[in-house]
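Have a look at the structure below before the remarks.
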Amino acid sequence: MIERKITIKVDNQLLIDALVETTELSKQTLKSALDKGCVWLKTDKQISRIRRIKKPLKIGNEVFIYWNEEILSSVPTQPTLIIDKKSYSIWFKPAGIFSQGSKWGDHCSLTRLVEKMLDRPSFLVHRLDRATSGLMIVAHSKAMARDFSKLFADRLIKKTYLAIVSGSFPVEKISLDDDIDDKHALSHITKLAENQEKTLLSIHIETGRKHQIRKHLSGFNFPIIGDRLYSDAKKDHLEDLQLQAVNLVFNCPINQQSININLSEKEQLKL
């Protein structure tokens with residue numbers, strides 16, 4: 001693992017040369033690392049991810065590399081395109097894919113995968129936890145990203161999830177409104193089906209607090225199966241987190257027509 005800051009002392013030095021000199025990694029390894037998003041460039045104005053191997057640098061520039069072989073060797077499951085509106089698209093994100101990258105790379109993030117698949121810039125407008133699968137919107141311009149961010153902020157996008165919990169859920173319908181991080185949070189829960197061991201729930205959230213559904217169900221003593229944060233599920237638990245975003249309803253920012261997208265029944269969680 002390498003976590004290093006490199007201060008450039010030679011004007012017009014190429015990025016790849018600066019990295020070779022200071023990391024002892026091969027050019028081929030570094031090219032792959034750059035493409036996977038673990039190298040950052042800090043100039044006078046900003047710090048941003050950099051991928052151009054022959055980027056000429058200036059004296060005083062700072063290059064940061066966060067190289068972790070285990071992370072960079074991860075092979076992501078590919079997302080599935082549901083709708084392409086050119087200025088935005090809607091995808092099925094499998095469990096295991098990050099919504100966005102970290103300083104250690106972005107090749108396993110939805111935004112980067114979409115960017116490469118469609119050859120368009122991609123901007124995150126909402127999030128799903130890595131362990132959560134389901135529908136996600138990706139904007140392809142800064143203007144569209146602002147439009148969707150406002151829709152989410154104004155609660156004009158309806159989001160519905162499925163979750164599976166252990167045992168028999170005791171009520172047919174309930175609204176949970178315990179505050180999360182001292183902020184109002186509201187989740188509407190409906191029982192859909194159950195068997196001798198599990199219950200399938202539908203959840204509509206009116207607010208979008210971090211881990212809202214997971215925290216609300218855990219607080220109600222029915223944590224989601226496979227939840228390693230808010231239940232006693234261990235890292236080697238046989239099942240992944242049984243939480244999935246299955247429906248999005250909103251007015252298209254382009255033409256104001258109603259969009260109502262459901263995840264295909266084949267992909268949906270089942271008991």
Item to check | Side-chain donor-acceptor contact under 3.5 Å, Thr111 with Gln100 | outcome: no
Checklist outcome for this item: Sequence neighbours excluded, the answer for salt bridge (Lys or Arg N to Asp or Glu O under 4.0 Å) partners of Asp119 is none
Item to check | Student check: side-chain heavy atoms of Trp91 and Met117 closer than 4.5 Å | outcome: yes
Checklist entry - How many angstroms lie between atom OG1 of Thr43 and atom CD1 of Ile8, to the nearest 0.5 angstrom? => result 12.5 Å
Checklist outcome for this item: When rounded to the nearest 0.5 Å, the distance separating CG of Leu34 from CH2 of Trp67 is 13.0 Å
Next on the checklist: If you define the side chain from C-beta out and look only at heavy atoms, does anything of Asp17 sit under 4.5 Å from Lys27?
Outcome noted: yes
Checklist outcome for this item: Cluster membership besides Val10, Ile/Leu/Val/Met/Phe/Trp/Tyr side chains within less than 4.5 angstrom, sorted by chain and number, is none
Item to check | Distance-only polar pair, side chains of Ser89 and His140, donor-acceptor under 3.5 Å | outcome: yes
Item to check | Glu197 atom CD, neighbour heavy-atom count above 12 within 6.0 Å | outcome: no
Checklist entry - Side-chain contact, heavy-atom cut-off 4.5 Å: Ile259 with Leu248? => result no
Checklist entry - Hey, what's the ring geometry for Phe64 with Tyr66, parallel, tilted or perpendicular (30° and 60° as the breaks)? => result parallel
Item to check | His126 and its ring pair (Phe, Tyr, Trp, His ring centres under 6.0 Å) partner, picked from Phe250, Phe152, Tyr88 | outcome: Phe152
Next on the checklist: Taking the basic N atoms (NZ, or NE/NH1/NH2) and the acidic carboxylate oxygens, is any pair closer than 4.0 Å for Asp35 and Arg112?
Outcome noted: yes
Checklist entry - Any chance CG of Asn260 has more than 12 other-residue heavy atoms, nucleotides or ligands included, within less than 6.0 Å? => result yes
Item to check | Those residues that, when tested against Thr199, pass side-chain contact (heavy atoms from CB on, under 4.5 Å) (two or more places apart) | outcome: Val165, Phe169, Lys191, Glu194, Leu201
Next on the checklist: Please check if the number of heavy atoms outside Phe98 that lie under 6.0 Å from its CZ is greater than 12.
Outcome noted: no
